[in-house]
Amino acid sequence: MKLITHNMLTSKCLKGVTTGYPLSIKATNVKVTEVDFNPEFITRIIPKLDWDVLWSAADSIGHSEGLPKTVEPKFEDDEEFLKKAHRVLLEIEVEEGHLTCPESGRQFPISKGIPNMLLTEAEVQ
Amino acid sequence: MSKRPEHLAPPELFYNEAEARKYTQNSRIIDIQGQMTERCVELLLLPEDAPCLLLDIGCGSGLSGTVLEENGHMWIGMDISPAMLDVALERETEGDLILADMGEGVPFRAGCFDGAVSVSALQWLFNADKKSHKPVKRLYTFFSTLYAALSRSARAVFQFYPENESQIELLTTQAMKAGFYGGVVIDYPNSAKAKKFFLVLMTGGSAPLPKALGTEDMNDNLEIKYARREATKNARGKPLKNTRAWLLEKKERRRKQGKETKPDTKYTGRKRSGRF
């Protein structure tokens, strides 16, 4: 699971959970893979992200060094910043571990990089 | 015995390892899935040359995702079958994958996707595979959470295989109830094989539905009526085989079915000269 997905993922499908965001990450295995840098995509996606959540997610898996805590207003011209954002959004992948819902404490296991968001019958709204 | 996979087993069981394997080896499946995804992307009407974040619902082994990548987009896929997702991992697709059931809702934050595509997945929602499954409720949960996850003015395009008219109606009512505008576009309605159903849903206000392929000559109702009468007249006296009229009719029929056909010229159906 890439951190861009984590930034979008919620547990609001659980019964009784309203926001279910952000899910906390507990990672036992983190992988870094090379992905082609696409500055246009990163510029387009940054306004949609919750940067604080991204920063703390990166911090919780130990990949926050060098990553600014806030987004500068003129970020689209700062290639250095876009490269850092690219690395943290697309190249760092959580392979094994679990996600935890902030409201119910329900855990979603991540195996082989795929988070399992399947619910049981009792948990469906 | 019906041949529809939805009637055989629930999706997470039907798409087992053997079935998932087919999706990497069968070039026909790969080809068709690719073509349908291309058409879905066309119907999405994304801003030109801008890389977008798309949601692939029922991404399976990532065949559709590969097409999205080729179009320069980033995608996140969700599917209920672990075996299919394993194949997607093997194929090393660029998109990110999630194991989730679309009938339980789309587990994403509001407004994060620029569009959603789904190839041959929606028909699975009509089934009640567990005692707790209620198709109408699952459809509504799916559409309402999807509506929330899309950004405004985004579209969602689903290629699907409906069994009958009432399924299409059920789909559109639930989608409208969730706030979407749109409808079903049917490509090549005159062909049994090439006929394809696309549910096109829009979030930002109603806009005219895109035109279906292979329907160029059915724009006027009156014309159709006359054409039918002509057709019945002709049926009594079908053109003689191997004549030019017979050939033109045959070519017209192929064109309607969306098959590749050479254009009609003055040479069509003409005898070679004796000197040849």
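The figures that follow rest on heavy atoms only: side chains count, while hydrogens, waters and symmetry mates do not. No experiment lies behind these values; they were computed from the predicted model shown.
With a 4.5 Å cut-off on non-hydrogen atoms, B:Ala50 touches chain A through its backbone and its side chain both. The contact between A:Leu119 and chain B is made by backbone and side chain atoms together, counting heavy-atom distances below 4.5 Å. Looking at B:Leu53, the atoms closer than 4.5 Å to chain A (heavy atoms on both sides) sit in the backbone and in the side chain alike. Only the side chain of A:Leu90 has a heavy atom closer than 4.5 Å to any heavy atom of chain B. If you measure heavy-atom distances from A:Lys12 to chain B, the contacts under 4.5 Å come from the side chain alone. Using a 4.5 Å cut-off between heavy atoms, A:Asn116 touches chain B through backbone and side chain atoms alike. Proximity to chain B is limited to the side chain of A:Val124, based on heavy atoms less than 4.5 angstrom apart. Proximity to chain B is limited to the side chain of A:Tyr21, based on heavy atoms less than 4.5 angstrom apart. If you measure heavy-atom distances from A:Ser11 to chain B, you find no contacts under 4.5 Å at all. At a 4.5 Å heavy-atom cutoff, the contact between B:Glu94 and chain A is made by backbone atoms alone. For A:Asn7, the parts lying near chain B are the backbone and the side chain together; criterion is any non-hydrogen pair under 4.5 Å. For B:Leu89, the part lying under 4.5 angstrom from a heavy atom of chain A is the side chain only. Of the atoms belonging to B:Asp49, it is backbone heavy atoms, and not side-chain ones, that fall under 4.5 Å from chain A. Contacts between B:Lys137 and chain A at a heavy-atom distance below 4.5 Å involve the side chain alone, from C-beta outward.
For A:Asp36, the CG atom counts as loosely surrounded, since its 6.0 Å shell holds 12 or fewer non-hydrogen atoms of other residues, nucleotides or ligands. Open room surrounds CD on B:Glu169; 12 or fewer heavy atoms of other groups in view lie less than 6.0 Å from it.
Side chains of A:Thr19 and A:Glu103: a donor-acceptor N/O pair is present below 3.5 angstrom, by distance only. Of the N and O atoms on the side chains of B:Asp79 and B:Ser81, not one donor lies less than 3.5 Å from an acceptor on the other residue. Side-chain contact of B:Thr141 with B:Glu104: a donor-acceptor pair under 3.5 Å is absent, judged by distance alone.
Taking both residues in full, the closest heavy atoms of B:Phe108 and B:Leu55 are given as CE1-CD1, 3.8 Å, listed atom of the first, atom of the second, then distance. The two residues A:Ile25 and A:Met1 have their closest heavy-atom pair at CD1-CE, 4.4 Å. The minimum heavy-atom distance between A:Leu99 and A:Ile110, with the atom names listed, is CG-CD1, 3.9 Å.
The candidate from B:Gly105, B:Ala100, B:Pro107 with the greatest count of non-hydrogen atom pairs under 4.5 Å with chain A is B:Pro107. Looking only at heavy-atom pairs under 4.5 Å with chain B, the residue among A:Glu93, A:Met117, A:Gln125 that has the most is A:Met117.
Taking the six-membered ring for Trp and the full ring otherwise, B:Tyr15 and B:Trp124 have centroids separated by under 6.0 Å.
Within the cation-pi definition used here (under 6.0 Å to the ring centroid, within 45° of the axis), B:Lys177 qualifies as a partner of B:Tyr140.
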